[in-house]
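The chain is numbered in sequence order, starting from 1.
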Amino acid sequence: MTARAQDLLLGMVPLALIIALWQALVSFGYAPTTLLPPPGLVFQRLARQLATSTFEQDVAATLFRLFAGFLIAVVLGITIGIAAAASPLINSAVRPVVRVLAPLPKVALYPALLLLLGFGHESKITLVAADALFPILLSTYYGASTVEQKLVWSALAAGTTPREVLFKVVLPAAAPSILTGCRIGLVISCIVVFLAEMITSTDGLGHVLVTAARTFQTVDMFVPLITISLLGLVLNGALGALRSYLLRGFPDV
């Protein structure tokens, strides 16, 4: 058995324990089925929902907002992080902004975003991007600022242009830190897009949950929760596989 297969099996153990505990709570009557439906019933409902066009459209809306906000955060985070690491002037301008805005719960800005951008995709994408930006920015800055200066000086002395140094020296050396920040940002994006859709939306998985809660359909409440969890698991695994592929030459990967 390969190491990757072992890691996959070990990763499935906590999920299996959670489902077993869920089933035990229902089977032994610790939680009424009207509030906590059995997992088998929830997964059956999920399988039926996945075959409907309406639910597929809700999943597509969530994924669109998630990827759009995440990609914006990746572009801005890497660009600003690299620039701040390379320029003391930009670093001096960015540092106080990061110190003020990074600890701020971005969801507190959502009412203002709704007023400025409306109730459509734009406000939700902006909220996702704002929340995912800072872990990517900080990881990029850390990775770029810890690149061995001798490598940069050697490349410049060999006639390499500053642009080539950026793409051939700095970014490859900072890649482990950047990709770690991207994985954190992706998890945050999954959480924030779901929360934004719960607050105000006419589609998406968060809207499905709120609609089910208002009509006391507990089985339908768990379906979007399971769906966003599975999506997060698959996306995180895909990004982890991409990270391993891109960093296959690094000794610690």
Check: When rounded to the nearest 0.5 angstrom, what is the spacing between CG in L239 and OG in S244?
Finding: 9.5 Å
Check: Does a side-chain heavy-atom distance below 4.5 Å link V223 with F43?
Finding: no
Notebook entry, point to check: Can you check side-chain contact (heavy atoms from CB on, under 4.5 Å) on M198 and L209, steps first, answer last?
Noted result: CA-CA 7 Å; M198 287 181 62; L209 185 145; 3.8 Å; yes
Notebook entry, point to check: Mind checking whether V42 and Y30 sit in one hydrophobic cluster, side chains of I, L, V, M, F, W, Y counted as touching below 4.5 Å?
Noted result: yes
Note to self: When you compare the side chain of V74 with that of C182, does any pair of heavy atoms fall below 4.5 Å?
What the structure shows: yes
Check: What's the shortest heavy-atom distance between R65 and S201, and which atoms?
Finding: NH1-OG, 3.5 Å
Check: Between atom CD1 of I82 and atom CG of L137, what is the distance when rounded to the nearest 0.5 Å?
Finding: 10.0 Å
Checklist line | Closest non-hydrogen atom pair, I72 against A129 | finding: CG2-CB, 3.9 Å
Check: Is there a path from L235 to I178 through hydrophobic residues (I, L, V, M, F, W, Y) whose side chains come within less than 4.5 Å of each other?
Finding: yes
Notebook entry, point to check: In terms of ring plane angle, is the pair F64 and H121 parallel, tilted or perpendicular, where the classes change at 30° and 60°?
Noted result: perpendicular
Notebook entry, point to check: Linking I/L/V/M/F/W/Y whenever their side-chain heavy atoms sit closer than 4.5 Å, directly or via other members, would L116 and V107 fall into one cluster?
Noted result: yes
Item checked: Separation of M221 CE from T211 OG1 (nearest 0.5 Å) -> 11.5 Å
Notebook entry, point to check: Among T227, V210, L225, whose side-chain contact (heavy atoms from CB on, under 4.5 Å) with L205 holds?
Noted result: T227
Margin query: Please give me the minimum heavy-atom distance between K106 and A130, naming the atom from each residue.
Written below: CE-O, 3.9 Å
Item checked: Cluster overlap L101 with V75, hydrophobic side-chain contacts below 4.5 Å -> no
Notebook entry, point to check: Where the side chain of S87 meets the backbone of A84, is there a donor-acceptor pair that is under 3.5 Å apart?
Noted result: no
Next item on the list: Write down the atom of I188, the atom of A132, and the distance for their closest heavy-atom approach.
Entry: CG2-N, 4.3 Å
Next item on the list: Answer yes or no: is there a side-chain heavy-atom contact under 4.5 Å between I78 and I136?
Entry: yes
Next item on the list: Ignoring hydrogens and angles, tell me if any N or O in the side chain of T218 forms a donor-acceptor pair with the backbone of T34 under 3.5 Å.
Entry: yes
Item checked: Separation of L133 CG from F70 CZ (nearest 0.5 Å) -> 11.5 Å
Margin query: Assigning hydrophobic clusters by single linkage (Ile, Leu, Val, Met, Phe, Trp, Tyr; side-chain heavy-atom cutoff under 4.5 Å), is L186 placed with L230?
Written below: yes
Check: Can you tell me if S139 uses its side chain to pair, donor with acceptor, with the backbone of P135 under 3.5 Å?
Finding: yes
Check: So do the side chains of F194 and P224 get within less than 4.5 Å of each other, counting heavy atoms only?
Finding: yes
Item checked: L35, CG: over 12 other non-hydrogen atoms inside 6.0 angstrom -> yes
Checklist line | Remaining members of hydrophobic cluster (4.5 Å side-chain criterion), I191 | finding: V187
Notebook entry, point to check: Can you name the ring-ring contact (aromatic ring centres under 6.0 Å, His included) partners of H207, sequence neighbours left out?
Noted result: none
Item checked: Short side-chain to backbone donor-acceptor contact, S123 and G118, under 3.5 Å -> yes
Next item on the list: Taking the side chain as every heavy atom from C-beta outward, state whether L66 and V128 have any atom pair closer than 4.5 Å.
Entry: no
Check: Would Y110 and T200 count as a side-chain contact (heavy atoms from CB on, under 4.5 Å) if you check the C-alpha gap in whole Å, the side-chain angles of each, and the deciding distance to 0.1 Å?
Finding: CA-CA 10 Å; Y110 194 46; T200 171; 3.4 Å; yes
Check: Does P38 reach the side chain of W22, with side-chain heavy atoms less than 4.5 Å apart?
Finding: no
Note to self: Evaluate F222 against Q217 for side-chain contact (heavy atoms from CB on, under 4.5 Å), listing each step before the verdict.
What the structure shows: CA-CA 9 Å; F222 280 86; Q217 301 293 325; over 6 Å; no
Margin query: What's the separation between atom CG in L76 and atom CZ in F134, rounded to the nearest 0.5 Å?
Written below: 10.5 Å
Next item on the list: Would you check if L63 and V193 make a side-chain contact, meaning some heavy-atom pair closer than 4.5 Å?
Entry: no
Next item on the list: Supply the atom-to-atom distance N236 CG to R243 CZ, rounded to the nearest 0.5 angstrom.
Entry: 11.0 Å
Next item on the list: Might you point out which heavy atoms bring T52 and F55 nearest each other, and give the distance in Å?
Entry: OG1-CB, 3.3 Å
Margin query: Using the rule side-chain contact (heavy atoms from CB on, under 4.5 Å), only one of L41, V219, I226, D220 pairs with L46; which is it?
Written below: I226
Check: What pair of heavy atoms forms the shortest contact from V98 to P103, and how long is it?
Finding: O-CD, 3.9 Å
Notebook entry, point to check: Can you check side-chain contact (heavy atoms from CB on, under 4.5 Å) on L179 and L246, steps first, answer last?
Noted result: CA-CA 9 Å; L179 291 172; L246 294 176; 4.2 Å; yes
